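Hydrogens, waters and symmetry mates are skipped; everything else that's a heavy atom, side chains included, is used. Order of the sequence lines sets the chain letters (A, B, ...), proteins ahead of strands, with each chain counted from 1. Remember, predicted model here, so these are calculated numbers, not experimental data.
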Amino acid sequence: MPDEMLLEVTSVSKRFQVRGQTLHAVENVSFALRSGETLGLVGESGSGKSTLGRTVLRLLEADAGRVVFQGRDLSRLSVSELRKERRHMQIIFQDPLASLNPRMTVGSAIEDAMIIQGIASRVQRKMRVNELLERVGLPLQAADAFPFELSGGQQQRVGIARALSVRPKLVVCDEPISALDVSIQVQIIELLKDLQRELQLAYIFISHNLGVVQHLSDRVMVLYLGEVVEQGSAQDLFTNPQHPYTRVLLDSILKIPSSSAERRPLVTLPGEIPSPFHPPSGCPFHPRCTLAYERCTVEKPILQGPTTTHLTACHLAETAISQ
Amino acid sequence: MVQALLTVENLHTEFRRAEDVIYAVNGVSFTVAPGETLGIVGESGSGKSVSVLSVLGLLRGTGRVTQGTARFGSTDLLKLKRRQLEDIRGRDIGVIFQDPMTSLNPTMRIGDQIMEAMLTHHFVGRKAAYNRSIELLEEVGIPDPQTRFRNYPFEFSGGMRQRVMIAMAVACEPQLLIADEPTTALDVTVQMQVLSLLQKLRETRRMSVVIITHDFGVATNFCDRIMVMYAGKVMESAPLEEFLKRPAHPYSVGLKSSIIEVGQTNRVLLPIPGTTQQLTEPPRSCPFVDRCTMAQDACRETLPQLRQLGGADHWVACLRAEEVVRHAG
Amino acid sequence: MGVVRFLVKRVVSIIITTAAIIAVGYSLMRLAPGSYFSSTTIGSQMGQLAVQNPRLAEQYEHMFEARYGLNEPMWKQIFGYIWHLFTFNFGNSFENPSAPIITQLRSAFPISFELAFGAVLLAVLVGIPLGVLAALKRNTWIDQMLTTLSLMGNAVPSFVLAVFMVLLFGVWWQGVLPINGWGQWQDAVLPIIALGLGNVGSITRYMRSSLIEALRQDHIRTAEAKGVKYWPIIFKHAMRNSMTALITVVGPMFAFSVVNTIFVEQIFSIPGMGSLMAPAFQADDYPLAMAEIYILCLLVMVMNLLVDLGYAVFDPRVKLE
Amino acid sequence: MAIARIAVNGVAPARRRSQLAMAWGRYKKDRLAVVGLAWVILFLVIGIIGPWIAPYNYATTNFLTANQGPTWQHIMGTDNLGHDMFSEILWSVQNALEVALGATLISFIVGVALGLWAGLKGGWADMVVMRLVDFMFAFPTFFMDLILVTKFGRGMGPILFAIGITGWAGYARLIRSLVLGMRNGEMVEAARALGATQPHIMRKYLFPNVMNNMIVALAFGIPGDLTVMAGLSVVGMGLRPPLPSFGNMIAAAGSNMLGYPWLMYFPAGIFALTLLAFLFVADGLQEALNPKGGF
């Protein structure tokens, strides 16, 4: 079983020191991922989901925990070994324009990825650039354009083409659609889905858009202040949310009603996310939780569940279900 | 029919650039009735913000209104002198912007910024303005308003800043509140808080609200009327119920079905092909034609005008609207 | 508490920086080739003496070295020297051994300070309105003219301007304004203009661009949406924000002006620090030269400190660190 | 202002010019910058060939022709030692050019190296460099130039070295802040995610993006260094006569002004125009290379 896993993340933590204060960005997160699977990471700003994505790729060094990718512990790799390993794990960014070099044409940006990894000859690279452009739905002339000359959706397609050029097995998608228009979002989602099927890619899909996460993911993790509050299969988690925070998130979604009578009341949910510099004691969510009681303020709940696949970090998990 | 509060007719706005002209708004018309909430929905570049900012004289850079009228009560806002318009802005029409991070003056105490709105219009005296600012802060849900009055924007969270913006916008009891993407920069839980605050204020003050958003979820749960824009033109405009039941423009239908909601498992996605365009010449045919699955030759030859659909107050700019309604229904 | 800590930290850093400057300067002066006897007038007299009466010359030299502490080990000299300067005990100059340096500086320093301060003041008073005008009239001929003129003001060094002024008021408009000396207020007019014109250019350009930038900010649109009138928007919202940025250029500008007083004083024959400095350097009179450099550096650093304090007052976001 | 980007039927707008050509197109629009550039080129050419076309040697004194106004023989007149001013100016251009290029280049190289190092390495390297930069900014570096020149002599080499070695802090600070801004940005992160080596990131990602700013900084630095060089002369610590320099001529002219104003017109005028030309070029480059996009 474990040898089938593409990626195994065990108890990873990441902290930042900012002006003498410690920011707990990611605390004790574990998960595993197979080829062709998608893990959705959900959370509001400051929940540590982007940091987690980058820590998994060792773009940030973890402070604790282990990341095993294709059976190799990434933290044990030397700089040059890691560099080679990178062709198997890629990342797509939220702001494609910021992630592209403004002084490189689209073609050379994609080609540079292959140059860096020493893949293919000059001629082959050029051919592959064209192949990739076509595959992600860009016209061939786009190769000579500079990123700023493209629309946001097209820029994101370039980002995808570049990540794919090295034929990765794992792609971290860090909010790849949140900067895009709705009609373009769907195009990109479809593209990502097709590519996953074709290439057996594993995705870590980071987003605050729950609908999209449910649509794309096999399994989902909900993060709050750097900690996993709930994780499970997309189906379980969204139809039977256990953690009060997951419910709050789901309650905050404004669906399009089918008639004006079905509009949902705009209820106010208490509080805002506390500063990650001073996380609350006990359960991080307790100051905003309507169900919190004394135990929540002192004791940090551990991630557990009735089944091994659906875990919740809440003292009241069972009570919450019945309510 | 009640006298409309704001009537915009045939509005045209363009941006001059070094080498060309961007036609951002191309003949937009809409009305806002007293107490009504209008949701203007569209993607980036649809001209939804630009058309409203044009009316208020708040265009930046080279933006310029070339045509149209915007009657607010009995005055045409577009014909007013700068001073006259300044008297209306903030007093009769309040505005909230998207990014609460940058939309507040970073070097001014938030209390002073709220007071300024009232003092500028001599709405109340200085002492009264102070008391009212405290009340307003309390009303928009900022705890400990006396202390917070003296804080600077950087000492607030995003959601709190947006509350301050709202307090500022309603300080002079405007008849009309314009909210330009008021929740886009916020987290979902905070978005909910801000929307419910807006709803509360709208009800207690009976003001009209125009909310500009790209989010159908926000618009349909908050507004009485939905107006869909594309490429600087109104594609469709209908009361909420009508819009939900019988969307009549292929773009509206496409946009609505582009939204992936929780619970819709295994849904087949039908993306609208292509991308939004930036018009460098005025549109002569339907601007959506290249992305439309229902396009015909006629759509390429004429520029569809807004026309009334059926007996309802339902307006649409599509030659094949009837078919769209039938198809979707 | 923040202010006090900030002040303590900055004063300590000023002390360290000045000590370093003195140490570097002193060791360079002492270690580098060339003796302090080689080019001073004392040096030439010593040379004569050495021929006439070598013993006396040697004695004299020892006496001289003892007097200035030159026979001590180097590190001791440096530390002693740093201490002397910190206590404003500059000793006497080589060239003019009977006059303590401190008395010379005491009369020269206020003059240079007035000039430099006047130049910065002029720049602020003239540059800000011009910059605002250019920003508000941007892309018109007024803006074009102002930016070109300010670039020119920036380009031409103070000493070239000063020389032109001497020509102008010394030859063509003789008697309109005095072109040398110091005593009455008119004497300060031309030097301050020569010193300040470049600063005017800098401030005009800086003010223009920062005001344009400030007017582009989102919060300006918020103020407009509140109905705030045109001028209050410029003065209360935009200017305040661009002024904070302006403060950061005034500090370096003061330093720049202090250096330029040296040139301008030369040309207008004003008995300030500059007119003491040139001969001091030419004659290798390092006690005087170092004392001057020390005082001027100190002045610049103290002004920078004041500027930073002002910055914090204007911009609440700046935490003093 | 929510306005979408051009994307009619794909990409590739009609204008397919290189970025350099576009920059030149913008530069050309600034007439003063073009005039400035012409003057700078003339300055460069004279700096190279000046000594050959000079009618007299700079050191040739001729008391019979001292203090003459402009004549056909001496088109810019002569000074009190009978030096031909025209020749002096031609030689001065060469000296000025040596300083402008040499000293500025020293500062530039030192500054860029230290700035890059600080920005890329971070940590203690950054600390050390920034403390040094603070030190250099804390007091007027002109005084350090004075000390250095006093001790190492008033020749070309020491002056060039003194000005060069004290002027690096500005470049270092600029490049450090640029690099720092990018180092933590997504562009570099993307390159790192691809497995790019540090040198590769520097060469293909960082360097091309700081080039423009550095060119502009360099262009602004040259007139600054020329001014410092002349300033040394005004205090009497400039290039040791008889080596001619603008500063020496201007300083000398000050004392002879009333009788022989031409001694001032030409050197001061040409010097001022040269500085202006460099600044116009720098200003034009700034606009052309870093256009403020958008509306």
Selection from Leu85(B), Ile178(B), Asn105(B), Ile88(B) maximising heavy-atom pairs under 4.5 Å formed with chain C = Asn105(B)
ask   = Given that the side chain runs from C-beta out, which part of Leu56(B) has a heavy atom under 4.5 Å from chain C: side chain, backbone, both or neither?
value = neither
remark   = Per-residue tally against chain C (heavy atom, under 4.5 Å) across Ser103(B), Gly94(B), Gly90(B) peaks at Ser103(B)
task = Sort and list the pairs that fulfil side chain to side chain donor-acceptor pair (under 3.5 Å) and have at least one residue in residues 150-160 of chain C, not counting sequence neighbours.
result = Asn154(C)-Ser202(C), Ser158(C)-Asn260(C)
message = Using a strict threshold of under 4.0 Å (side-chain N to carboxylate O), is an ion pair present between Glu213(C) and Arg216(C)?
response = yes
request  = Please examine the side chains of Met301(C) and Ile21(C), heavy atoms only from C-beta on, and report whether any two atoms are closer than 4.5 Å.
outcome  = yes
Part of Gln98(B) within contact of chain C (heavy atom distance under 4.5 Å) = neither
query = What part of Gln217(C) is in contact with chain B, defined as an atom under 4.5 angstrom from a non-hydrogen atom: side chain, backbone, both or neither?
reply = backbone
query = Can a donor-acceptor pair be found between the side chains of Arg202(B) and Thr37(B) at a distance below 3.5 Å?
reply = yes
query = By salt bridge (charged side-chain N to carboxylate O under 4.0 Å, His left out), which residues pair with Arg83(B), not counting sequence neighbours?
reply = none
task = Please determine, among Arg109(B), His121(B), Glu116(B), the option with the most heavy-atom pairs under 4.5 Å with chain C.
result = Glu116(B)
inquiry  = If I measure from the heavy atoms of chain C, does Met165(B) come under 4.5 Å with its side chain, its backbone, both, or neither?
reply    = side chain
ask   = Does NZ or CZ of Arg132(B) fall inside the cone over Phe123(B)'s six-membered ring, less than 6.0 Å from its centre and within 45° of the axis?
value = no
